Amino acid sequence: STHALRKHNGEQRDGVTFSRSRFDQVVEYAASRLGGSGNEEHSEPLTATDFAGFYGRISRGSCEHHFHTLQRDGTHAKPITWVVGPDGLAMLLGKGTVAERMRTLGFRDEWMRKKLLDGEHFRLALFAGDGISVHAATWDSIIPLAAEA
């Protein structure tokens, strides 16, 4: 499913506590799945249960500055950002090529090809969900999120 992430201005929230080693393991797994065809090193992909408490977003840009926030124009221009939760991460880091997995999210081949030809590249921002406000992307949550923005 898709979720909306809102920057939390330093507010502390009760949430899942992540050990550094668990986060490192998820990042290492993600790097191995995104570095090639998606079919090597791990015979069985991790499941949504394995990604519990983690979120991610595919971002694009042509320079490091474009990746300082979850979207290239920064939080001042776009305070609410759509991210995927554990089930989306399991799909993004699952079987198939990176392009096949991005197509599942709705990225079109022509659009991806044009962005790459324009010198842009794609990255997956992977982060633990503690200390942030994440709401399911449903019609019921849109009005309260817009009111916060």
Side-chain angles (χ1 to χ4, degrees), residues 1-18 20 22-38 45-48 50-149:
S1 67
T2 305
H3 299 270
L5 169 72
R6 174 127 173 92
K7 188 177 146 203
H8 231 291
N9 297 329
E11 178 185 336
Q12 294 298 315
R13 295 183 34 151
D14 291 331
V16 178
T17 301
F18 297 93
R20 181 75 177 137
R22 179 169 178 242
F23 185 76
D24 288 344
Q25 290 170 355
V26 170
V27 169
E28 182 180 314
Y29 174 82
S32 74
R33 300 301 288 181
L34 295 174
S37 68
L46 294 179
T47 66
D50 298 311
F51 290 109
F54 290 96
Y55 297 91
R57 175 174 170 82
I58 294 178
S59 299
R60 66 179 172 85
S62 57
C63 63
E64 278 303 309
H65 175 73
H66 292 153
F67 297 101
H68 287 184
T69 62
L70 291 178
Q71 66 93 26
R72 61 184 284 151
D73 295 324
T75 57
H76 65 281
K78 189 176 176 188
I80 296 172
T81 301
W82 301 107
V83 300
V84 296
D87 52 346
L89 288 172
M91 182 279 302
L92 278 172
L93 299 170
K95 293 190 177 195
T97 65
V98 172
E100 289 168 340
R101 292 177 260 155
M102 287 180 68
R103 278 187 219 112
T104 303
L105 283 180
F107 291 95
R108 294 183 336 267
D109 287 341
E110 305 80 32
W111 183 84
M112 289 187 288
R113 191 174 302 111
K114 179 172 180 352
K115 296 304 174 190
L116 292 170
L117 289 172
D118 288 346
E120 294 189 11
H121 54 279
F122 298 90
R123 290 186 185 171
L124 174 64
L126 179 65
F127 52 94
D130 54 336
I132 58 173
S133 176
V134 180
H135 305 277
T138 65
W139 287 112
D140 291 339
S141 67
I142 295 296
I143 301 299
L145 282 171
E148 285 183 34

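Just so we're clear, the structure is a prediction, and the values are computed from it rather than from any experiment.
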Aromatic ring pairing Phe107/Phe122, orientation class (parallel under 30°, perpendicular over 60°, tilted between):
perpendicular
Minimum heavy-atom separation for Ala48 to Ala90, with atom names?
N-CB, 3.6 Å
Starting at CE of Met112, measure out to CZ of Arg60 and round the result to the nearest 0.5 Å.
13.0 Å
Looking at every non-hydrogen atom in both residues, tell me the closest pair between Gly85 and Tyr55 and how far apart they are.
CA-CD2, 3.6 Å
Minimum side-chain heavy-atom gap Met102-Val98 below 4.5 Å:
yes
Any donor-acceptor pair under 3.5 Å linking the side chain of Arg57 with the backbone of Trp82?
yes
All heavy atoms of Gly53 vs all of Pro86, minimum pair found to be N-CG, 4.1 Å
Shortest non-hydrogen contact from Thr97 toward Glu100:
N-OE1, 2.7 Å
Out of curiosity, Asp50 CG to Leu93 CG, how far, rounded to the nearest 0.5 Å?
11.0 Å
Can you give me the closest heavy-atom contact between Ser59 and Leu70, atom names plus distance?
OG-O, 2.8 Å
Separation of Arg113 CZ from Lys115 NZ (nearest 0.5 Å):
13.5 Å
Indicate the atoms forming the closest heavy-atom contact of Val83 with Phe127, along with that distance.
CG1-CZ, 4.0 Å
Between Arg103 and Asp109, is there a donor-acceptor pair closer than 3.5 Å when you use the side chain of the first and the backbone of the second?
no
Spatial distance of atom NE2 (His121) from atom CG (Leu116) [nearest 0.5 Å]:
10.0 Å
With rounding to the nearest 0.5 angstrom, report the CG to CZ distance, Leu126 to Phe51.
7.5 Å
So CG of Leu92 and CG of Leu105: to nearest 0.5 Å the spacing works out to 4.5 Å
